[in-house]
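Notes for the one structure printed next.
The first residue of the sequence shown is numbered 1, and numbering continues consecutively from there. Quick caveat: nothing in here was measured; it's all calculated off a predicted structure. Hydrogens, waters and symmetry mates are skipped; everything else that's a heavy atom, side chains included, is used.
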Amino acid sequence: MALVTPLSPDHDSEVAELAKFFNETLGFCPNSVLTMQIRPEIARAFINLNKAVMANNGRVTAEQKRLIGYITSANTGCRYCEAHTILAAERYGGSGERLKHIWQFRSSDLYTDAEKAAFEFALAASSVPNAVDDAISANLKEHWDDGEVVEILGVISLFGYLNRWNDSMGTTMEAGAVAAGKEHLTHNGWQVGKHQ
């Protein structure tokens, strides 16, 4: 059971307008945002940050950003965010094969060398303690320019916030996210867990 009950999607008109962003990415407004709107300034700031981080200003695609978010979330153990990011990756063109084999990225031809560098960076940056070292940084910089590195770390950092929020809150997972998790993640041991 969630620590705090989410408010209705139409509770705050400004938040509701900003939250239309999630209709494209997920098909619904996430309960995490509906909980944040108990303090509307937090919800508004979070949505605007999310939109900025997920904007495609370089070569990092919407699908790649969601896979980076997935790896970050899985590494920290946030089942809620794992399901949301895999759902969004699918909505942004991630094939069933890419979604299913994400943990084989190091050896799979489904991912480019640039993606592999970004995924390694995501694992290292989301680890506690942080495991980014010179080799991981150099590999990342070999494939991505400074702006793209900022975008990649923006995704990792955004999901660091969301992982803490949703795991601590025990945010109730929406039906669409549950379905995506069951379809794409159960072979890796994923469960809804506390997000029921």
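Put simply, the side chain of Tyr92 never gets that close to the backbone of Arg66: no donor and acceptor are under 3.5 Å apart. Counting only distance, with no hydrogens or angles, the side chain of Lys141 and the backbone of Val149 share no donor-acceptor pair below 3.5 Å. Checking side-chain atoms of Gln37 against main-chain N and O of Ala16 turns up no donor-acceptor pair under 3.5 Å.
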Working for side chain to side chain donor-acceptor pair (under 3.5 Å), residues Thr172 and Asn31: CA-CA 7 Å; Thr172 303; Asn31 283 330; 5.2 Å; no
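A distance of 9.0 Å separates CG of Asp12 from CD of Glu41, quoted to the nearest 0.5 Å. Once rounded to the nearest 0.5 Å, the distance linking CD1 of Ile156 with CZ of Phe121 reads 5.0 Å.
Donor-acceptor pairing under 3.5 Å is lacking for the side chains of Ser107 and Gln104. Checked by atom type, the side-chain pair His143/Glu148 shows no donor-acceptor distance below 3.5 Å.
Within the structure, ring pair (Phe, Tyr, Trp, His ring centres under 6.0 Å) pairs that include any residue of residues 170-196 comprise Tyr80-His195 (at least two apart or interchain).
Arg164 is linked by a salt bridge (Lys or Arg N to Asp or Glu O under 4.0 Å) to nothing, counting only residues two or more places apart in sequence or in another chain.
In terms of heavy atoms, Lys116 sits closest to Arg106 at NZ-O, 3.5 Å.
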Got a list of side-chain donor-acceptor pairs under 3.5 Å for residues 43-53, not counting sequence neighbours?
from	atom 1	to	atom 2	distance (Å)
Asn48	ND2	Arg44	O	3.2

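Here Arg98 pairs with Glu115 in a salt bridge; the nearest charged N to carboxylate O distance falls below 4.0 Å.
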